[in-house]
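Only one structure is covered here, and it is reproduced in the block below.
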2 protein chains.
Amino acid sequence: MARRGEANNRLDDAARAGWLYYVAGRTQDEIATVMGISRQSAQRLVSLAMSERLIKVRLDHPIAACLEAAAGLRDRYGLKHVEVVPSDPGSTSTTVGIAEAGAAEIERWLKSPEPQVLAIGTGRTLKAAVDQLPTMECPQHRIVSLTGNIGLDGSAAYYNVIFSMADAVKARHFPMPLPVLAASAEEREVLHSQSLVQVALKLGAEANVAFVGVGELGPDAPLCQDGFLAQDEMADLTRAGAAGEICGWMFDHDGALLSGSFNERVASVPLPSRDKASVIGLAKGRRKYEALRAAVKGGIINGLITDEATASHLLNA
Amino acid sequence: MARRGEANNRLDDAARAGWLYYVAGRTQDEIATVMGISRQSAQRLVSLAMSERLIKVRLDHPIAACLEAAAGLRDRYGLKHVEVVPSDPGSTSTTVGIAEAGAAEIERWLKSPEPQVLAIGTGRTLKAAVDQLPTMECPQHRIVSLTGNIGLDGSAAYYNVIFSMADAVKARHFPMPLPVLAASAEEREVLHSQSLVQVALKLGAEANVAFVGVGELGPDAPLCQDGFLAQDEMADLTRAGAAGEICGWMFDHDGALLSGSFNERVASVPLPSRDKASVIGLAKGRRKYEALRAAVKGGIINGLITDEATASHLLNA
DNA sequence: ACAGGAAGTGAGTAATTGCTCATGAGCAAG
DNA sequence: CTTGCTCATGAGCAATTACTCACTTCCTGT
């Protein structure tokens with residue numbers, strides 16, 4: 001077996017070993033025998049299969065506590081879709097759990113035989129979710145990016161979610177060849193008049209569902225870390241009452257979009273209508289509490305994937 | 001935590017433990033601490049989550065389909081050994097993939113330090129597999145041909161697998177200096193009484209493993225093309241319900257050896273006992289579907305090396 | 001051709017996990 | 001109240017898995 005192309009051989013073997021281990025339940029010793037390698041090598045392949053994310057694990061059980069929290073959030077904030085995953089108290093990761101749950105929900109949409117327009121924001125959480133997606137053939141769907149992927153310095157942003165998604169999901173995808181923020185409202189109009197951007201804007205308005213990250217503000221905000229926003233601008237925004245941002249759109253503590261000049265410079269696609277589409281936020285963690293609370297309170301998002309601890313904070317707020 | 005409804009509590013806990021273990025990657029000790037139970041209980045919950053299928057594991061790699069098909073075939077037809085290689089939709093070859101996989105399996109047997117008796121059939125597929133073998137020193141093994149290599153006209157048959165094998169593998173090899181088919185049952189007895197043939201017959205009965213091709217019937221059957229069988233005889237056989245042949249032995253659509261006079265004229269070594277030995281068929285392709293299905297159904301072979309498309313046909317049949 | 005480096009390997013060992021067993025709690029029937 | 005049953009539990013131990021280290025192989029760039 002497996003003596004063809006050379007490059008993928010190791011991953012193929014890893015896949016085979018991983019399958020035998022996780023799906024077929026064989027021991028690594030057996031796998032080593034079957035594949036004619038040493039036990040240690042078998043172990044390495046199994047662990048490679050895991051670290052290369054060839055093996056996807058998912059929990060298929062509505063945990064009561066999470067279900068209750070989800071139901072509570074749905075009622076309290078009038079959300080369409082809520083998913084709460086168990087908290088991992090020992091972990092400082094801001095994505096573990098959310099990423100898997102987010103991927104599962106994205107996958108659910110992608111499995112629809114009806115053509116769908118999926119809108120995708122950006123950010124670390126969303127990137128982690130998209131990285132969990134299996135490869136799928138979805139020629140019937142279209143996927144549009146809600147935010148530009150160009151940094152202040154003209155380079156492509158790192159958390160370039162739509163391209164990662166295109167790698168896994170075979171569907172037409174529409175990136176936004178723009179910076180997140182234009183220099184002025186006028187410049188934004190010019191940028192938006194480009195035909196490529198027009199397509200994205202039109203698709204964004206038609207989207208059936210949007211998956212977005214929720215950004216907190218402050219000196220350590222993701223927008224600053226990634227170089228989209230300078231510290232002094234950030235300070236101005238928080239002084240003006242900004243509590244968080246989604247795709248660059250700033251909102252205050254009640255979840256109302258900021259009326260100042262800043263949002264007129266945001267070059268992102270407007271969020272799809274909350275009446276017609278699902279706008280699902282993915283976020284968890286202490287630092288996001290304020291931004292999340294504002295977003296659900298003001299109906300910036302009408303769907304939420306978060307963890308138990310964050311959910312309970314939102315319920316007690 | 002987790003102390004609400006009573007009935008599902010255990011499964012909920014199992015789900016939570018399973019999530020922490022498989023998704024979050026914590027150890028069972030950590031889970032025990034977090035959930036306030038003993039390590040053993042944590043282990044039980046994790047294992048419960050698995051056995052209750054709360055945790056779904058899946059392999060995201062093209063090889064996944066092959067491994068699943070192989071497992072499916074093994075269960076469905078009670079086969080000892082199944083290998084499924086990816087189909088190459090662009091190729092019309094009846095051997096690509098199979099040959100490499102077959103060679104790897106033969107090699108695995110040859111690497112055994114214990115003396116083995118390997119039996120080899122004939123045919124294009126097997127020839128291609130044997131051509132993939134590296135040169136090996138295997139003085140401990142013996143290799144016996146299951147079928148004669150003499151055509152109707154007295155010439156040596158082209159697909160003379162055992163001699164090709166002897167070129168690569170240094171082991172004692174025992175050809176069958178016979179035609180595939182005797183003129184009558186009596187002639188077969190005479191032929192079989194030759195001492196050289198006796199040796200082959202004896203070895204065939206002792207074989208630890210046999211590798212055989214699977215022949216389809218009909219006007220274009222390999223047996224006809226190679227001049228072992230005339231067209232009118234072939235027509236008689238299909239009328240009598242023959243579905244395929246292995247080493248000349250004809251079997252019907254249920255995989256039962258044909259009882260008519262034809263099989264009494266087949267001069268091949270009888271196939272080794274399916275109870276004691278592995279009889280591994282190598283075949284793929286649309287034209288072999290019927291013959292293969294009959295062979296696995298009736299237990300003519302208990303091992304199979306094929307491709308994905310053929311495997312899925314056998315599973316859907 | 002050869003030094004340097006990345007990647008793979010097997011051995012050995014520590015850590016983790018799986019299994020069996022003896023025990024005791026909870027409960028229904030007698 | 002006792003008996004007999006099921007089921008969960010923790011202990012102890014065996015099996016399995018993960019990791020480290022020293023060594024080899026195979027490139028790569030002089």
Side-chain angles (χ1 to χ4, degrees), chain A residues 1-59 61 63-65 86 88-91 93 96, chain B residues 1-59 61 63 67 104 107-108 111-113 134-135:
Chain A
M1 88 204 67
R3 204 188 309 158
R4 52 201 83 241
E6 284 306 314
N8 292 337
N9 241 334
R10 193 164 168 81
L11 275 188
D12 286 357
D13 284 351
R16 181 178 289 267
W19 188 88
L20 289 167
Y21 187 66
Y22 289 105
V23 183
R26 330 292 302 273
T27 72
Q28 298 178 355
D29 247 334
E30 292 175 300
I31 296 168
T33 309
V34 169
M35 298 182 65
I37 54 180
S38 74
R39 190 184 61 70
Q40 291 92 330
S41 296
Q43 195 275 324
R44 280 179 189 112
L45 288 177
V46 169
S47 118
L48 181 66
M50 205 33 133
S51 64
E52 292 293 324
R53 306 200 176 276
L54 266 33
I55 300 286
K56 305 268 169 80
V57 182
R58 151 177 334 171
L59 173 63
H61 181 85
I63 293 192
D88 181 1
S91 160
S93 161
V96 66
Chain B
M1 57 198 87
R3 88 217 70 122
R4 38 211 101 221
E6 283 306 313
N8 291 338
N9 242 334
R10 193 164 169 80
L11 274 188
D12 288 356
D13 285 350
R16 177 179 291 267
W19 186 88
L20 289 166
Y21 187 66
Y22 288 106
V23 183
R26 329 302 306 270
T27 72
Q28 298 178 355
D29 250 334
E30 293 175 300
I31 296 169
T33 309
V34 170
M35 297 181 66
I37 54 180
S38 73
R39 187 189 65 73
Q40 291 91 333
S41 295
Q43 195 275 325
R44 280 179 188 111
L45 289 177
V46 169
S47 128
L48 182 65
M50 204 34 133
S51 64
E52 293 293 325
R53 319 235 157 212
L54 266 32
I55 299 287
K56 304 240 170 111
V57 182
R58 131 186 103 182
L59 174 61
H61 191 283
I63 288 212
L67 292 162
E107 205 178 320
R108 217 164 289 142
K111 272 183 186 153
S112 158
T135 58

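Note on naming: letters A, B, ... go to the chains in the order of the sequence lines (proteins, then strands), and numbering restarts at 1 for each one.
Residue A/Ser38 has no polar side-chain atom (N or O) positioned under 4.0 Å from OP1 or OP2 of C/dT9. In this model, the phosphate group of D/dT9 is approached by a side-chain N or O of B/Ser41 to a distance below 4.0 Å at OP1 or OP2. In this structure, A/Tyr21 reaches the D/dT17 phosphate: one of its side-chain N or O atoms is under 4.0 Å from OP1 or OP2.
For B/Met50 against B/Val57, the heavy-atom pair with the smallest separation is CE-CG2, 3.9 Å. For the pair B/Ala49 and B/Ala14, the tightest heavy-atom approach, listed with the atom from each and the gap, is CB-O, 3.3 Å.
Taking CG from B/Leu20 and CD from B/Glu30, the interatomic distance works out to 9.5 Å, rounded to the nearest 0.5 Å.
Whole-Å rounding puts the A/Asp13 CG to C/dA7 P distance at 18 Å. One atom, CZ of A/Arg39, and another, C1' of C/dG8, lie 16 Å apart when rounded to the nearest Å. Whole-Å rounding puts the A/Leu20 CG to D/dT17 C1' distance at 16 Å. Rounded to an integer number of Å, the gap from A/Ile37 CD1 to D/dT17 P is 13 Å. The CD1 atom of A/Ile31 sits 12 Å away from the P atom of D/dT16 (whole-angstrom rounding).
Looking at heavy atoms from C-beta onward, A/Tyr21 lies out of side-chain contact with A/Arg26 at the 4.5 angstrom threshold.
At the heavy-atom level, A/Gln28 lies under 4.0 Å from the strands shown only through sugar-phosphate atoms.
Of the residues near DNA chain D, A/Asp29 and A/Arg44, the one whose nearest nucleotide (by heavy atom distance) lies more toward the 5' end is A/Asp29.
A donor-acceptor contact under 3.5 Å is formed by the side chain of A/Gln40 with the base of C/dA11.
You'll find that the side chain of B/Gln43 is closest to C/dT17, out of D/dA18, C/dT17, C/dG10.
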